[in-house]
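Structure first, then comments.
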Amino acid sequence: MVSELINANPVIYEKKERRVRSVPSTADEYAVEPIDQEEIFDILFVYIKDPEHPYSLEELKVISEDAIEVDDGRGHVRVTFTPTVEHCSMATVIGLCIRVKLLRSLPSRFKVDIRVAPGSHATEAAVNKQLNDKERVAAALENPNVVEMVDECLTPSYE
Amino acid sequence: MDGLREIQKLEGHTDRVWSLAWNPLSGLDGAPLKLASCSGDKTVRIWEHKPSSSNSWECQAVLDDPHTRTVRSCAWSPSGKLLATASFDGTTAIFQDVGDEYECVSTLEGHENEVKSVSWNASGSLLATCGRDKTVWIWEVLPGHEFECVAVLQGHTQDVKMVQWHPSMELLFSCSYDNTVKIWADEGEDDNWVCVQTLAQPNSGHSSTVWALSFNASGDKMVTCSDDLTLKIWGTDNGKIPSSDGFAPWRHLCTLGGYHDRTIFSVHWSRDNIIASGAADDAIRFFVENNESNSLVDGPSYSLLLKKDKAHNMDINSVQWSPGENRLLASAADDGAIKIWELTSVSC
């Protein structure tokens with residue numbers, strides 16, 4: 001695949017101490033539990049690895065909890081991620097992984113927008129447009145090579 | 001009070017439904033209403049209205065061959081006998097209605113990768129296709145289900161989302177991820193197809209992907225819909241005169257903004273001048289032209305007639321008016337469902 005790493009020496013950040021999710025006191029198992037920022041963060045950060053490095057996107061500071069906006073009532077999620085380097089050609093792959101992970105984890109009523117952080121990527125508008133064109137995403141996900149790469153990024157590392 | 005009544009929900013596709021096409025003979029001279037749908041489940045389904053049954057719409061056929069990937073778009077020939085289907089597998093298939101069955105009679109190969117749209121011209125003598133390879137292909141329909149590529153049109157700088165022939169003139173329209181609409185015409189006798197006009201942002205065009213376009217019945221107006229959350233109305237002077245030589249340019253008439261919150265994937269102009277739009281906000285909207293006295297000065301303006309929130313549970317990819325007398329609209333969505341609606345008691 002990639003013979004030379006685009007970003008050979010990434011800065012590794014410490015993982016955030018994870019809060020224990022509060023269990024509702026009422027034992028109503030049918031109660032609707034709204035989906036919040038923390039839950040999305042957990043969905044994304046526990047699992048997705050940078051395709052170039054064995055670190056999670058959290059450790060590379062590609063996503064932070066602040067960069068996740070959730071409106072449970074309207075069923076809308078927006079994830080803003082920061083590629084490790086400005087010309088990172090992996091930005092679309094990372095974005096695609098984020099989209100696939102949310103597609104597989106969230107109820108279908110959610111609309112998901114994914115974008116790179118403003119000023120973080122040389123071809124920001126082009127990357128954003130591609131990540132949010134569902135026809136191109138659908139076509140990419142019919143390509144076995146792309147699916148294999150995405151699945152690899154989404155495989156839990158069991159550290 | 002204007003109302004939109006859901007007549008029936010058609011279920012069967014196991015993935016998102018991308019596109020719908022009413023058979024042009026539907027409802028004419030007693031012919032049954034017939035609808036084709038195509039999907040991410042790689043199949044095409046034919047639905048027919050059976051007035052005798054309790055569930056009046058039934059799936060008449062499932063075409064699961066020859067496409068190996070998403071079927072993105074489908075179109076009936078003007079005679080209603082042939083159905084063309086465009087697929088992400090890079091091919092366009094032609095099916096023939098042979099009584100109760102549909103037989104694949106031809107497969108058109110040539111695009112480098114995903115084919116995204118297919119359209120027949122008014123006489124059924126030409127077929128156009130487009131795709132991710134940024135090209136538009138024109139195919140001549142020859143006897144014996146032979147299709148010969150007569151032109152490969154290059155001009156778009158990104159993938160081409162849709163092709164649509166003008167309803168009466170030999171003009172081809174294409175819209176693209178490059179935010180433009182291009183108009184193509186045969187400039188000579190020798191299949192010399194060239195781009196005669198580009199509707200782009202500097203001339204009041206769209207600022208993001210143009211997903212679809214549709215003409216009014218007389219062919220002198222066109223509506224386009226886009227990822228920039230607007231619909232735009234365009235007009236020309238000689239749409240009513242199919243015999244005229246010389247191309248009359250299209251110009252921007254007005255922009256309908258502020259209605260949609262998410263990408264508008266589909267738009268269709270009815271014979272009685274109602275524009276329907278389907279978008280990623282799960283809503284169907286209807287627009288009509290205002291009958292204002294100052295329209296001669298300011299150009300036409302349009303207003304929202306009706307909005308149907310939550311028409312589907314997910315993104316709406318296609319809205320299509322039926323060709324018959326009734327005001328029937330079919331819609332298709334990411335949730336795999338198709339719905340048949342009737343627009344009732346509209347005064348306009």
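Naming: A, B, ... by sequence-line order, numbering from 1 per chain.
Within 6.0 Å of atom CZ in A:Arg74, 12 or fewer heavy atoms from other residues, nucleotides or ligands are found, so the atom counts as exposed in its surroundings.
Using a 4.5 Å cut-off on side-chain heavy atoms (C-beta onward), A:Arg136 and B:Thr209 make no contact.
For B:Asn317, the part lying under 4.5 angstrom from a heavy atom of chain A is the side chain only. Using a 4.5 Å cut-off between heavy atoms, A:Ala126 touches chain B through its backbone atoms (N, CA, C, O) alone.
Formation of a donor-acceptor pair under 3.5 Å by the A:Lys111 side chain with backbone atoms of B:Asp281 is not found in this model. Side-chain atoms of B:Tyr177 come within 3.5 Å of backbone N or O of A:Gln130 as a donor-acceptor pair. Formation of a donor-acceptor pair under 3.5 Å by the A:Glu142 side chain with backbone atoms of B:Thr70 is found in this model.
A cation-pi arrangement is found for A:Lys134 relative to B:Trp18, the charged atom lying closer than 6.0 Å to the ring centre and inside a 45° cone about the ring normal.
With chain A as partner, the option from B:Arg132, B:Met314, B:Arg262 having the largest number of non-hydrogen pairs under 4.5 angstrom is B:Arg262. The candidate with the highest count of non-hydrogen atom pairs below 4.5 Å against chain A, out of B:Lys116, B:Gln158, B:Arg16, B:Glu114, is B:Lys116. Contact count versus chain A (heavy atoms, under 4.5 Å) is highest, among B:Asp282, B:Asn113, B:Asp227, B:Thr263, for B:Asp282.
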(request) Go through the steps for B:Lys161 and A:Asp133 under the test side chain to side chain contact (heavy atoms under 4.5 Å, CB included), then give the verdict. (result) CA-CA 11 Å; B:Lys161 296 297 195 188; A:Asp133 180 318; 2.8 Å; yes
(request) For side chain to side chain contact (heavy atoms under 4.5 Å, CB included), just list the numbers for B:Trp211 and A:Glu135, CA-CA rounded to whole Å, side-chain angles, deciding distance to a tenth of an Å, and then say yes or no. (result) CA-CA 10 Å; B:Trp211 279 96; A:Glu135 187 185 55; 3.6 Å; yes
